[in-house]
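Okay, so here's the structure we're looking at.
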Amino acid sequence: MPSDDRTAERRPRLTPPIADARRAVRAVLEPVDPAETGGVAPLALVALSGGADSLALAAATAFEAPRAGWLAGAVVVDHGLQAGSAEVAERAAAQARELGLDPVLVRRVEVPAGGDGPEASARAARYAALDEAAAETGAAVVLLGHTLDDQAETVLLGLARGAGGASLMGMPQRAGRYVRPLLGLRRQATRQACLDAGLDVWDDPHNTDPGYARVRVRERVLPVLEAELGPGIAEALARTAEQLREDEAAFDEQLEEFIEEICEPAEAGIAVSAAVLAANPAALRQRIIRHVVGSEFGVALSRVQTLEVARLVTDWHGQGPVALPGGAVATRAGAHVVFSATGATEILPHDH
């Protein structure tokens, strides 16, 4: 009996923020039938920093995963960018173990200087470590602690960069093995969930450093928008992202069928009818170009690059190949625009 009493004392009282976090996790971890998995439970890894968002996610996952037939673990990435980062990582790992997560991995990464800036370099190093941890443990999913606030900030940053409709879609809830259960929750809710559960939250000093664009959006831009336009701006931005993502999914499905009809195989790539591209509105023509390059070579085109490829159709006067990311090129070859990895332009016989 005494041990039961102590367990009850440690168990957090179920409050609305805790319930909301658990409900969000429950929605993404579909119940597993052991008969269908050979008795092997799938593993969900939580990407844990020790901050309020990921810690609330870890606690909710520790509670929900076993009830859905899942195993739950955590991976803590130490970027080594601050004094004492190793201690912060170990403290986060210790809290994960106290929550009952297993395995709990700590990964130290090197963040290279230069590139697209410290944020992008840290992000690349972090995802590489998460991918490695998922492969090592056989994790079915990696859960990320991004919230509705993160989504709103992402949309505003993309809008400021002029990245087009893709930026307004923000972050997807699912992308490969990565899942973001908390995109419907505000940041203040995850912090309150941690307080209600008695969890020790680490506040990353980088999250208040105005040297980072995301911090300026969080601390300055969004508050001004709220003050001038009224409350609910973050929710409105997140709704916009969700609606655009739904539209994009529907459009992409139809676009796949259309592209199959207008494309032909080419040596080291794919050929698209220039006449069909010319006959369609600019928005559709450019979407086809981006879609073909993305699906064929796994790279994304900027608007400038997309328009340069489009000029092979709309302003054709014998210009040379257009260089694309990843070493690919787009070339006008007779009645076709050929996308290839090597610059080859020979169109192969179609298999219809």
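On a predicted model such as this, the values are computed, not experimentally measured, just so you know.
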Option among Q151, Q173, M171, E153 that satisfies the side-chain contact (heavy atoms from CB on, under 4.5 Å) test with H146
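The passing option is M171.
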
Carefully, step by step, assess D78 and V88 under the rule side chain to side chain contact (heavy atoms under 4.5 Å, CB included).
CA-CA 8 Å; D78 174 13; V88 170; over 6 Å; no

Do [X] and [Y] share a hydrophobic cluster (ILVMFWY, side-chain heavy atoms under 4.5 Å, transitive)?
{"X": "L144", "Y": "V109", "result": "yes"}
{"X": "V141", "Y": "V32", "result": "yes"}
{"X": "L182", "Y": "V155", "result": "no"}
{"X": "V75", "Y": "L57", "result": "no"}
{"X": "V25", "Y": "V179", "result": "yes"}

What is the distance from atom [atom1] of [X] to atom [atom2] of [Y], rounded to the nearest 0.5 Å?
{"X": "L48", "Y": "L55", "atom1": "CG", "atom2": "CG", "result": "6.0 Å"}
{"X": "L237", "Y": "L159", "atom1": "CG", "atom2": "CG", "result": "8.5 Å"}
{"X": "Q286", "Y": "N280", "atom1": "CD", "atom2": "CG", "result": "11.5 Å"}
{"X": "T314", "Y": "L307", "atom1": "OG1", "atom2": "CG", "result": "8.5 Å"}
{"X": "C194", "Y": "I18", "atom1": "SG", "atom2": "CD1", "result": "9.0 Å"}
{"X": "L199", "Y": "E98", "atom1": "CG", "atom2": "CD", "result": "9.0 Å"}

Does D149 pair with R186 as a salt bridge, N-O distance under 4.0 Å?
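Salt bridge: yes.
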
Do R214 and E219 meet the salt-bridge criterion of a basic N to acidic O distance under 4.0 Å?
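Salt bridge absent between E219 and R214.
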
If only side-chain N and O atoms count, and only distance matters, is there a donor-acceptor pair under 3.5 Å linking Q192 with D196?
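Short answer, yes.
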
Pair Q82, D204: side-chain N/O donor-acceptor within cut-off below 3.5 Å
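Side-chain D/A pair, Q82 to D204: present.
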
Shortest non-hydrogen contact between [X] and [Y], atoms and distance:
{"X": "V201", "Y": "G51", "value": "CG1-C, 4.1 Å"}
{"X": "P181", "Y": "V28", "value": "CG-CG2, 3.8 Å"}
{"X": "V309", "Y": "V322", "value": "CG2-CG1, 4.1 Å"}
{"X": "L324", "Y": "V329", "value": "CD1-C, 3.9 Å"}
{"X": "V292", "Y": "C263", "value": "CG2-SG, 4.4 Å"}
{"X": "G69", "Y": "A41", "value": "O-CB, 3.2 Å"}

So do [Y] and [X] actually touch side chain to side chain, heavy atoms under 4.5 Å?
{"X": "P103", "Y": "L43", "answer": "yes"}
{"X": "V276", "Y": "I288", "answer": "no"}
{"X": "R126", "Y": "R123", "answer": "yes"}
{"X": "T15", "Y": "R13", "answer": "yes"}
{"X": "H336", "Y": "L312", "answer": "no"}
{"X": "R220", "Y": "P210", "answer": "yes"}
{"X": "R311", "Y": "E308", "answer": "yes"}
{"X": "R177", "Y": "L45", "answer": "no"}

Determine whether a donor-acceptor pair (N or O, by modelled atom type, separation under 3.5 Å) exists between the side chain of [X] and the backbone of [Y].
{"X": "S54", "Y": "S49", "result": "yes"}
{"X": "R180", "Y": "P172", "result": "yes"}
{"X": "Q319", "Y": "D315", "result": "yes"}
{"X": "R218", "Y": "P223", "result": "no"}
{"X": "E226", "Y": "G232", "result": "yes"}
{"X": "D209", "Y": "P205", "result": "no"}
{"X": "D150", "Y": "T147", "result": "yes"}
{"X": "R245", "Y": "G170", "result": "yes"}
{"X": "Q95", "Y": "D200", "result": "yes"}
{"X": "W202", "Y": "A89", "result": "no"}

Looking at R108, I want to see if its CZ is surrounded by more than 12 non-hydrogen atoms of other residues, nucleotides or ligands under 6.0 Å.
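Above 12, so yes.
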
Got a sec: does the CD of E296 have more than 12 other heavy atoms crowding it under 6.0 Å?
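Correct, the count exceeds 12.
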
Do V337 and F339 pass the side chain to side chain contact (heavy atoms under 4.5 Å, CB included) test, and can you show the C-alpha distance, the side-chain angles, and the key distance before you say yes or no?
CA-CA 7 Å; V337 175; F339 299 90; 3.8 Å; yes

Ring geometry between Y178 and Y127 (parallel below 30°, tilted from 30 to 60°, perpendicular above 60°):
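Correct class here is perpendicular.
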
Does R67 form a side chain to side chain contact (heavy atoms under 4.5 Å, CB included) with R26? I'd like the steps, not just the answer.
CA-CA 9 Å; R67 288 161 175 78; R26 193 182 315 141; over 6 Å; no

Checking side chain to side chain contact (heavy atoms under 4.5 Å, CB included) for the pair L156/T154: CA distance, chi angles, key distance, verdict?
CA-CA 6 Å; L156 276 179; T154 298; over 6 Å; no

